[in-house]
Amino acid sequence: MPELPEVETTRRGVEPHVVGHRVRALLVHEPRLRWRVPASLPAKVQGATVLAAERRAKYLLFRLEGGALTAPATLLVHLGMSGNLRVLPAATPRLTHDHFDLMLDSGETLRFNDPRRFGSVDLWPTGAIADWAPYAARGPEPWGPDFTPDHLARPFKGRVASIKAMLLDQRVVAGLGNIYVCEALHRAHISPFKPAGGIAKKRLGPLTTAIKDVLAEAVEVGGSTLKDFAAADGALGYFQHRFRVYDREGEPCPTPGCKGVIAREVQAGRSTFFCPVCQV
DNA sequence: CCCACGACCTGTGGGC
DNA sequence: TGCCCACAGGTCGTGG
């Protein structure tokens, strides 16, 4: 998936096309996703107006009101590992793995495609959104006021799990995935294998800064360089953003003055890229 | 409670 | 050229 920057890029891309528009229909072509698309969904959102397109962690939240809805509701979309959401003319021919179309009164459609089916879509009452379990369990947004060194220190305290595993835990901080954890730890010169509880407190400031910076820079260039990530308007070619360590095994470490070579190791089943010399 | 690991899916790229 | 295996951005449930 798309980690936070890709989700945010998608949000910014679709927002002007959906906000203020009415839902003409929701067409579900292939309901099998991480969780089966509820059969009741199309009838519920019919005729509703999209008030806002927001993001929380790696979820996209479309605020809906009116139409068949008896109370304001939120359409929650997760892109999983391979999902993408694009705005297209309604008549655009469908492709394999197109799961649903949110048809709008503008003549455009918001189309969800997801080959690996790890994505999801669900509807929940806006007023009770805190009760929606996956949403409630998310940690602070990395750019929000709650994301401080102290907020990392609390969950890290006494933990023997690796710093990498802790940062991938969405309850600790929302939005990081495998790529940006590797990038942030390299910037902060912290070994991904270090037990979270053993990291000196004074290093948490630089770590939070590294996390914010890495994500912000990725959003600036439009959501990194994922091979099959396409912007909401279909524009391709996000290759201007170069990762410093991710997928760079064998290359020289980009840290100024460092003579290390980027290594790859499997950690908890996922590839970790790091510099064995300057990350300690 | 904590932690590691397998499961869920399909597509693709590299090695032979 | 073609086949097969390893691996890919994320959760979530389990079993120790």
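Quick note: numbers below take in every heavy atom, side chains included, and nothing from hydrogens, waters or symmetry partners. Below, read A as the first sequence line, B as the second, and so on, with proteins coming before strands; counting in each chain starts at 1.
Nucleotides B:dC5 and C:dC7 are separated by 15 Å at their P atoms, to the nearest Å. To the nearest whole angstrom, the two P atoms, one in C:dC4 and one in B:dC8, are 22 Å apart.
Taking the six-membered ring where the residue is Trp, the centroids of A:F118 and A:W35 are separated by 6.0 Å or more.
Atom CZ in A:F273 sits roughly 10 Å away from atom P in C:dC7 (whole-Å rounding). One atom, CG of A:N84, and another, C1' of B:dG11, lie 14 Å apart when rounded to the nearest Å. Between A:D114 atom CG and B:dG11 atom C1' the separation is 12 Å, expressed in whole Å. Rounded to a whole Å, the CH2 atom of A:W132 is 13 Å from the C1' atom of C:dC12. Atom CG in A:D169 sits about 10 Å away from atom P in C:dT11, given to the nearest Å. Taking atom CG of A:D247 as the reference point, atom P of C:dC7 lies 13 Å away to the nearest angstrom. Atom CZ in A:R154 sits about 18 Å away from atom P in B:dC1, given to the nearest Å. Atom CD of A:E6 and atom P of C:dA8 are 16 Å apart (whole Å).
Formation of a donor-acceptor pair under 3.5 Å by the A:E6 side chain with backbone atoms of A:E3 is found in this model. No side-chain donor-acceptor contact under 3.5 Å links A:D213 to the backbone of A:A210.
A:R22 and A:T49 share no side-chain donor-acceptor pair at under 3.5 Å.
OP1 or OP2 of C:dT11 sits under 4.0 Å from a side-chain N or O of A:H78. Remark: A:S82 is not in phosphate contact with B:dT10, judged by side-chain N or O atoms under 4.0 Å from OP1 or OP2. OP1 or OP2 of C:dG10 has not a single side-chain nitrogen or oxygen of A:Q170 nearer than 4.0 Å.
Within 4.0 Å of A:R138, counting heavy atoms only, lie sugar-phosphate atoms of the nucleic acid but no base atom. Among the atoms of the strands shown, only primed sugar atoms or phosphate atoms (P, OP1, OP2) are found under 4.0 Å from some heavy atom of A:S271.
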Problem - Paired and unpaired positions of DNA chain B as dot-bracket, Watson-Crick or G-U wobble under 3.5 Å, | denoting a partner strand - result: .|||||||.|||||||

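Taking OH from A:Y180 and CZ from A:R187, the interatomic distance works out to 10.5 Å, rounded to the nearest 0.5 Å. Atom OG1 of A:T92 and atom CD of A:E108 lie 9.0 Å apart (nearest 0.5 Å). To the nearest 0.5 angstrom, A:E265 atom CD is 4.0 Å from A:F274 atom CZ. Summarising the geometry, atom OG belonging to A:S191 is positioned 11.0 Å from atom NZ belonging to A:K164; distances are rounded to the nearest 0.5 Å.
Within 6.0 Å of atom CZ in A:R56, more than 12 heavy atoms from other residues, nucleotides or ligands are found, so the atom counts as buried in its surroundings. Environment of NZ in A:K212: crowded, with over 12 heavy atoms of neighbouring residues, nucleotides or ligands closer than 6.0 Å.
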Practice task
Would you give a per-nucleotide map of nucleotides 2-9 of chain B, 5' to 3', where B means the base has a protein non-hydrogen atom under 4.0 Å away, S means only the sugar-phosphate does, and - means neither?
Solution key: SS----BB

Problem - A:D114 vs A:H97, side chain to side chain donor-acceptor pair (under 3.5 Å): CA-CA, chis, key distance, verdict - result: CA-CA 6 Å; A:D114 184 10; A:H97 307 308; over 6 Å; no

Is there any protein nitrogen or oxygen under 3.5 Å from a nitrogen or oxygen in nucleotides 14-16 of chain B, and what are the pairs?
none

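A:L152 and A:L207 make their closest contact through CD1-CD2, 4.0 Å (heavy atoms, listed as atom of the first residue, atom of the second, distance).
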